[in-house]
**Student:** 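Below is one structure. I have some questions about it.
Everything numeric here is computed off the predicted structure, so don't read it as measured data.
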Amino acid sequence: MAQKVLVTGGGGYIGSHCVVELIEAGFCPVVIDNFSNAVQGERDVPESLQRIEKILDTSIEFYELDLLDRTGLENILAQDLCLCFGFYFTAVMHFAGLKAVGESVEQPLRYYRVNLTATMNLLEVMQTHGVRNLVFSSSATVYGDPQRLPIDEQHPVGGCTNPYGKTKYFIEEMIMDQCKAEKDWNVVLLRYFNPIGAHSSGLIGEDPQGIPNNLLPYVAQVAIGRRKHLNVFGNDYDTIDGTGVRDYIHVVDLAKGHIAALKKLKDNCGCKVYNLGTGTGYSVLQMVKAMEKASGKEIMYLIAPRRGGDVASCYADPLLAEKELGWKADFDLERMCEDLWRWQSKNPTGFTKNSPFSI
């Protein structure tokens, strides 16, 4: 019987791509999501999961649930931990949470309440039901304004420049303390850099609800004609062209990194931390040029003031993940942009029903 993995936030962008990789690796994902970052399709199931079912000719177990609903979470784990039927979760992949830097600066209390309380509920319910293996979706924002580049896992953390990053840092600290207190816990903390791209089918991808908070979805929406222009927040940073530099990683590479992390848990690894990035940084304007090439469209942009919470440059040293997980990013910038554009051009309005693309 396939090992069951609970995936929180599995209807969203990164979570849904990880669901694909879990299924292809022989695992059985059980997804919970509250639709805050997912579009509801038929049968009250995220549209992304319905499309994955068609891509892979399978069915996916799904529960609509907000992790703030601790009783509901208890019920799901109690139901699936019924040992008399041989069903149990071998691990949890935790993606659920609010995730926009700019929004977190404007709504800090909401970010602390949702991200911290939800994770606390999850950890306590895992503890109650004997689930001791976790892969956590953390972020390079825990490093704050980099003291050196590239950033390795030994770089100081905690000097976060925005509330979103602080929630990731606080959650990491909670998890590390729990691993110290109970030695049978095994956790991999994955510090993402900037995921972009989409599944090669063009059937699933990033579909922000409302105005995109991240660069590439906004750029893609400008290219497809949904938005007039891109605002470039700051052109006076100490970078190659004055705009912010980030490490962009293909979401499928990122998802494969989660499978490698899941396998690491079998080594009774304790608490481990890994960067998931490419090790190469690109500026905002370089990304605009790359998307113009992929789409064949001119992308209009305006220079705007710097945005609170942003840093000038941030890119990874990913060698530890390569050494200990056997993982390395495969896709280059051109492929990332091509896959993003395939998704956006096939789904001009995202997952919504009025999209001219259907499956």
**Student:** Please verify the inter-ring angle class for His250 with Phe331; under 30° counts as parallel, over 60° as perpendicular, anything in between as tilted.
**Tutor:**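 Tilted.
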
**Student:** Under a 3.5 Å cutoff, is there a donor and acceptor pairing between the side chains of Asn347 and Arg51?
**Tutor:**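 Yes.
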
**Student:** Give, for atom SG of Cys18 and atom OH of Tyr13, the distance between the pair rounded to the nearest 0.5 Å.
**Tutor:**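 Between atom SG of Cys18 and atom OH of Tyr13 there are 10.5 Å.
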
**Student:** Using modelled atom types only, decide if a donor and an acceptor are shared between the side chain of Asn186 and the backbone of Cys269 within a distance under 3.5 Å.
**Tutor:**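 Yes, because the side chain of Asn186 sits within donor-acceptor range (under 3.5 Å) of the backbone of Cys269.
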
**Student:** Please tell me if the side chains of Thr167 and Tyr112 come closer than 4.5 Å, counting only heavy atoms from C-beta onward.
**Tutor:**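 Touching, per the 4.5 Å side-chain cut-off.
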
**Student:** Tell me, do Leu134 and Leu123 make a side-chain contact under 4.5 Å, heavy atoms counted?
**Tutor:**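 The answer is yes, as the side chains (C-beta and beyond) meet within the 4.5 Å cut-off.
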
**Student:** When the ring planes of His155 and Tyr143 are compared, do they come out parallel, tilted or perpendicular, using 30° and 60° as the limits?
**Tutor:**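 The arrangement is perpendicular - the two ring planes meet at more than 60°.
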
**Student:** Show your reasoning for whether side-chain hydrogen bond (donor to acceptor under 3.5 Å, both in side chains) applies to Glu103 and Tyr164.
**Tutor:** CA-CA 8 Å; Glu103 184 181 66; Tyr164 163 70; over 6 Å; no

**Student:** Glu24: which residues meet the side-chain hydrogen bond (donor to acceptor under 3.5 Å, both in side chains) condition with it, sequence neighbours left out?
**Tutor:**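 Here no residue qualifies.
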
**Student:** Taking the six-membered ring where the residue is Trp, are the ring centres of Phe62 and Phe35 under 6.0 Å apart?
**Tutor:**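 Distance test on ring centres: under 6.0 Å, yes.
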
**Student:** Does the side chain of Thr278 pick up a donor-acceptor pair with the side chain of Tyr248 at under 3.5 Å?
**Tutor:**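 On atom types as modelled, these side chains do not qualify, holding no pair under 3.5 Å.
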
**Student:** Do His258 and Phe27 have ring centroids that are under 6.0 Å from one another?
**Tutor:**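 No, too far apart.
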
**Student:** Please determine, by modelled atom types, if Glu64 and Gln40 share a side-chain donor-acceptor pair under 3.5 angstrom.
**Tutor:**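 Not at all, the side chains of Glu64 and Gln40 share no donor-acceptor pair under 3.5 Å.
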
**Student:** Applying side-chain hydrogen bond (donor to acceptor under 3.5 Å, both in side chains), name anything that partners Tyr274, two or more places apart in sequence or on another chain.
**Tutor:**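 Once residues adjacent in sequence are excluded, the partners of Tyr274 under the side-chain hydrogen bond (donor to acceptor under 3.5 Å, both in side chains) criterion are Glu324.
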
